[in-house]
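In this chain, numbering begins with 1 at the start of the sequence shown. Read the numbers this way: they start at 1 and go in the same order the structure lists the ligands and their atoms.
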Amino acid sequence: MTDAAYLLVRDDREYLLEPGEEFGTDLGVLDVPEDVEGGDTVETHLGTAFAVRELRGPDLFNHLERTGAPMMPRDVGLVMGHTGASGGDRVLDAGTGTGILAAYLGRAGADVTTYEVDAEFADVARANMATAGVADRVEVRTGDLTEELDALAEGEPFDALTLDTGDAPTVVERADELLVSGGCLAVYSPFVEGTREAVLAAREAGLDGIETLETIQREMEFSERGSRPSTAGVGHTGYLVLARAP
Ligand SMILES: C[S@@+](CC[C@H](N)C(=O)[O-])C[C@H]1O[C@@H](n2cnc3c(N)ncnc32)[C@H](O)[C@@H]1O
C-alpha cells in the first residue's frame, strides 16, 4: 500500500490527518510529524495527547470525503465474502462513488479498475484512494462503464465484477465476456426493481448460480430491562445479486 493518512484519536474526537499536516483543534494545534507511525502519541501545542492510529476499513466509511452514497461496511462484507476478492485478483467496479468498496477491495490486495461517470466524484475518489493508501492498487477511471464494455471485453478478463449503479443490468448482460470462467458478479441495488432487472440480465447472459439476498442487519440493545433487537428502523440497506461466469 502507498502512504495513507492516520487517525489522531482522543476520547470521542477523531481527526484524519496526513503526515506533515498542521491542524487546529479546541485542545490546541496538532503538528503531525512527517515520520509519524501508528501507535505513536502526538501532543497539541498545549500538551494534550492524541493517539495515532493506522486507518482500517470502518475508518474509511466514517472519514473519507463522501460523494455517491457509500456502501455500508455490512454490504461491503457481503460483496467481499461472496466474491472472495483478495490479493492478486483483478476486479472491475462501478460506480466508484466515494470509493468505499473500491478501497476495501484494494486494502484486501486486489487490483481494482473502477469507473465513475461524474468527473468531480472521480477526482474526490482518487484523493480518497490516496488517503486510504491504495492509490497504487485502485485505478479510478473517469467515464461511463456502459460505454467501455466493448473495449473491456477485448482485454484481459476480470476475476470479479462489482456493480453499484442504476444501469448495472446493462453491464450484467456482458458479464460473461468480462469475467474469467468461474469469476464472480455482485450487484448491489437499494431497490427491488433494479434487483429484478439485474437478475433477468444475469439469466439472459447465461450466468451460473444466480442468487439474490436482501441485506438486513439488526442492532442489538442490552439494557437493565433486558436484551432485544433495536426497535429503531428495519435495518434494510439493499439487495445483492450474486452469480458466476460459466
Ligand atoms: C451508489 S454510488 C457507488 C458507491 C460505491 N460503491 C462506494 O462504495 O462508495 C453510485 C455511483 O455510480 C456512479 N455511476 C452511475 N452510473 C455509472 C456508470 N454507468 N458508469 C460509471 N459510474 C456510474 C454515480 O455517479 C455514483 O457516484
Please identify which atoms of ligand 1 are closer than 4.0 Å to at least one heavy atom of L101.
-> 7 (C), 8 (O)
Residue-ligand contact G143/ligand 1, heavy atom below 4.0 Å | yes
Given salt bridge (Lys or Arg N to Asp or Glu O under 4.0 Å), test R56 with D59 step by step and report yes or no.
-> CA-CA 5 Å; R56 299 193 61 81; D59 302 320; over 6 Å; no
Using a strict 4.0 Å cut-off to heavy atoms of Y115, name the atoms of ligand 1 that fall inside it.
-> 21 (C), 22 (N)
Would you mind listing which atoms of ligand 1 come within a distance below 4.0 Å of any non-hydrogen atom of M71?
-> 7 (C), 8 (O), 9 (O)
Supply the atom-to-atom distance R218 CZ to R228 CZ, rounded to the nearest 0.5 angstrom.
-> 11.5 Å
Give the atoms of ligand 1, by number and element, whose distance to some non-hydrogen atom of T98 is under 4.0 Å.
-> 9 (O)
How about L145 and L163: do any of their side-chain heavy atoms sit closer than 4.5 Å?
-> yes
Can you see which heavy atom on L207 is nearest to which on A175, and at what distance?
-> CD1-CB, 3.9 Å
Under 3.5 Å side-chain donor-acceptor pair for T48 and R13 | no
Looking only at non-hydrogen atoms, which of I100, T96, D167, L145 approaches atom 5 (C) of ligand 1 most closely?
-> T96
Which is it for L46 and L27 under the side-chain contact (heavy atoms from CB on, under 4.5 Å) test, yes or no, and what are the steps along the way?
-> CA-CA 7 Å; L46 299 177; L27 299 174; over 6 Å; no
Would you kindly specify which portion of V76 sits under 4.0 Å from ligand 1, judged on non-hydrogen atoms: side chain, backbone, both or neither?
-> neither
Check: of E148, R141, E120, E116, min heavy-atom distance to atom 26 (C) of ligand 1 comes from E116
Flag A69 as yes when one of its N or O atoms lies below 3.5 Å from any N or O atom of ligand 1, and as no otherwise.
-> no
Scan E139, R141, E147 and name whichever one has a side chain to side chain donor-acceptor pair (under 3.5 Å) with Y115.
-> R141
Which is closest to atom 3 (C) of ligand 1 in terms of heavy atoms, G95, G68, P190, A119?
-> G95
Is the closest heavy atom of D144 to ligand 1 under 4.0 Å?
-> yes
Cation-pi, F61 ring and R66 (6.0 angstrom, 45 degrees) | yes
Backbone or side chain, does any N or O of G99 fall under 3.5 Å from an N or O of ligand 1?
-> yes
T165 contact mode with ligand 1 (heavy-atom cut-off under 4.0 Å) | side chain
Ligand 1 to F121, heavy atom cutoff 4.0 Å, flagged ligand atoms 27 (O)
Rounded to the nearest 0.5 Å, what's the gap from CD on E65 to CZ on F121? Could you check?
-> 10.0 Å
Just distances here: any N/O of A94 and N/O of ligand 1 closer than 3.5 Å?
-> no
Is it true that the side chains of T215 and T237 contain a donor and an acceptor less than 3.5 Å apart?
-> yes
